[in-house]
Amino acid sequence: MSKTKTVLIFDDDTIILEVITVVLIDLGLNVEVSETSHDIIPRVESSKPDLILMDNWIPNIGGVEATRLLKADARFNHIPVIYVSANNDIQSLADRAGADDFLSKPFDLEDLENIVNKYIT
């Protein structure tokens, strides 16, 4: 039997965190959350996620810089990062960060499920 897949969410909005967590647990996934991004490398080392959801406006270093740090680390650059933001220029931010995909806030729960399934199955 394969291990349960883990999604690590970086977002400082607790309501968003709760909603995403409930949806992903319903999909049978393990969920870990962080409300800051400055410690992205140690967080990824300890949780070993299969997928990361990254908010743009997150305390300390922000989503672009956190994603760049992760993608620059050969141990973790294979982990897909989905950029999640209410920014109207999310595609260019995701591209600048080196993210694998993006999801605009507010998002439809079905869109969340679809994008997660795209990268986690």
Side-chain angles (χ1 to χ4, degrees):
M1 187 165 164
S2 62
K3 84 171 187 73
T4 302
K5 303 274 188 178
T6 298
V7 178
L8 177 56
I9 307 166
F10 289 92
D11 200 318
D12 61 338
D13 183 330
T14 53
I15 293 165
I16 295 278
L17 284 174
E18 285 176 25
V19 169
I20 293 175
T21 299
V22 167
V23 170
L24 298 184
I25 288 172
D26 281 351
L27 291 177
L29 301 168
N30 182 32
V31 178
E32 296 200 20
V33 300
S34 178
E35 293 184 28
T36 60
S37 59
H38 65 282
D39 58 347
I40 185 167
I41 298 299
R43 288 300 305 243
V44 169
E45 274 177 327
S46 67
S47 67
K48 297 177 178 44
D50 299 283
L51 177 67
I52 294 171
L53 299 180
M54 176 66 69
D55 181 37
N56 184 51
W57 305 109
I58 187 159
N60 302 98
I61 64 171
V64 170
E65 189 57 34
T67 303
R68 283 184 177 157
L69 282 172
L70 186 75
K71 291 297 186 176
D73 192 314
R75 297 170 299 166
F76 307 120
N77 62 9
H78 66 282
I79 301 169
V81 175
I82 299 172
Y83 217 66
V84 184
S85 179
N87 191 299
N88 60 5
D89 200 17
I90 185 172
Q91 184 163 6
S92 87
L93 285 172
D95 290 345
R96 263 197 4 242
D100 297 271
D101 214 331
F102 62 90
L103 182 64
S104 298
K105 290 179 184 173
F107 50 80
D108 186 85
L109 296 183
E110 193 174 313
D111 292 339
L112 172 65
E113 288 182 25
N114 290 339
I115 202 164
V116 167
N117 283 327
K118 176 178 171 183
Y119 289 96
I120 210 140
T121 50

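Residues: numbered from 1 along the sequence shown. Everything quoted here is computed from the prediction, not taken from an experiment.
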(message) Hydrophobic clusters here meaning ILVMFWY residues chained together by side-chain heavy-atom distances under 4.5 Å, can you tell me if Leu51 and Ile9 are in one?
(response) yes
(request) Can you sort out the partners of Ala66 under side-chain contact (heavy atoms from CB on, under 4.5 Å), two or more places apart, ordered by chain and number? (result) Ser37, Ile40, Met54, Ile61
(message) To the closest 0.5 Å, what do you measure between CD1 (Ile58) and OG (Ser85)?
(response) 11.0 Å
(request) Begin from the C-alpha positions of Asn87 and Trp57 and carry the test side-chain contact (heavy atoms from CB on, under 4.5 Å) through to its verdict. (result) CA-CA 9 Å; Asn87 191 299; Trp57 305 109; 3.6 Å; yes
(message) Rounded at 0.5 Å granularity, tell me how far OG1 in Thr67 sits from CZ in Arg96.
(response) 11.0 Å
(message) For a quick test of reading the model, state the closest non-hydrogen atom pair linking Asp50 to Lys5 and the distance between them.
(response) OD2-CA, 3.1 Å
(request) For residues Leu70 and Ile41, determine if any side-chain heavy atom of one lies less than 4.5 Å from a side-chain heavy atom of the other. (result) yes
(request) To the nearest 0.5 Å, tell me how far Asn114 CG sits from Leu109 CG. (result) 11.0 Å
(request) Write out all pairs satisfying salt bridge (Lys or Arg N to Asp or Glu O under 4.0 Å) with one or both partners inside residues 56-68, taking only residues at least two apart or from two chains. (result) none
(request) Going by the side-chain contact (heavy atoms from CB on, under 4.5 Å) test, name the single residue among Ile52, Asp95, Leu53, Val64 that passes it with Tyr83. (result) Val64
(message) Could you measure the distance from the CD1 atom of Ile79 to the OG atom of Ser47? Nearest 0.5 Å is fine.
(response) 7.5 Å
(request) Not counting sequence neighbours, which residues clear side chain to side chain donor-acceptor pair (under 3.5 Å) with Asp111? List them please. (result) none
Donor-acceptor contacts, no H, no angles, side chain residues 100-107, under 3.5 Å, sequence neighbours left out:
unit_1	atom_1	unit_2	atom_2	d
Asp100	OD2	Lys71	NZ	2.7
Asp100	OD2	Val81	N	2.8
Asp101	OD2	Lys118	NZ	3.1
Asp101	OD2	Tyr119	OH	2.8
Lys105	NZ	Asp11	OD2	2.9
Lys105	NZ	Asp55	OD1	3.1

(request) Apply side chain to side chain donor-acceptor pair (under 3.5 Å) to Ser92 and list each qualifying residue two or more places apart in sequence or on a separate chain. (result) Asp89
Under 3.5 Å, which donor-acceptor pairs link side chains of residues 15-33 to any protein atom two or more places apart or in another chain?
unit_1	atom_1	unit_2	atom_2	d
Thr21	OG1	Leu17	O	2.6
Asn30	ND2	Thr6	OG1	3.1

(message) Using 0.5 Å steps for rounding, measure from the CD1 atom of Ile120 to the CD atom of Glu113.
(response) 12.5 Å
(request) List in chain and number order the residues that pass side chain to side chain donor-acceptor pair (under 3.5 Å) with Asp73, two or more places apart in sequence or in another chain; answer none if no residue qualifies. (result) Arg75
(message) For a 4.5 angstrom cut-off between non-hydrogen side-chain atoms, does Pro49 reach Val7?
(response) no
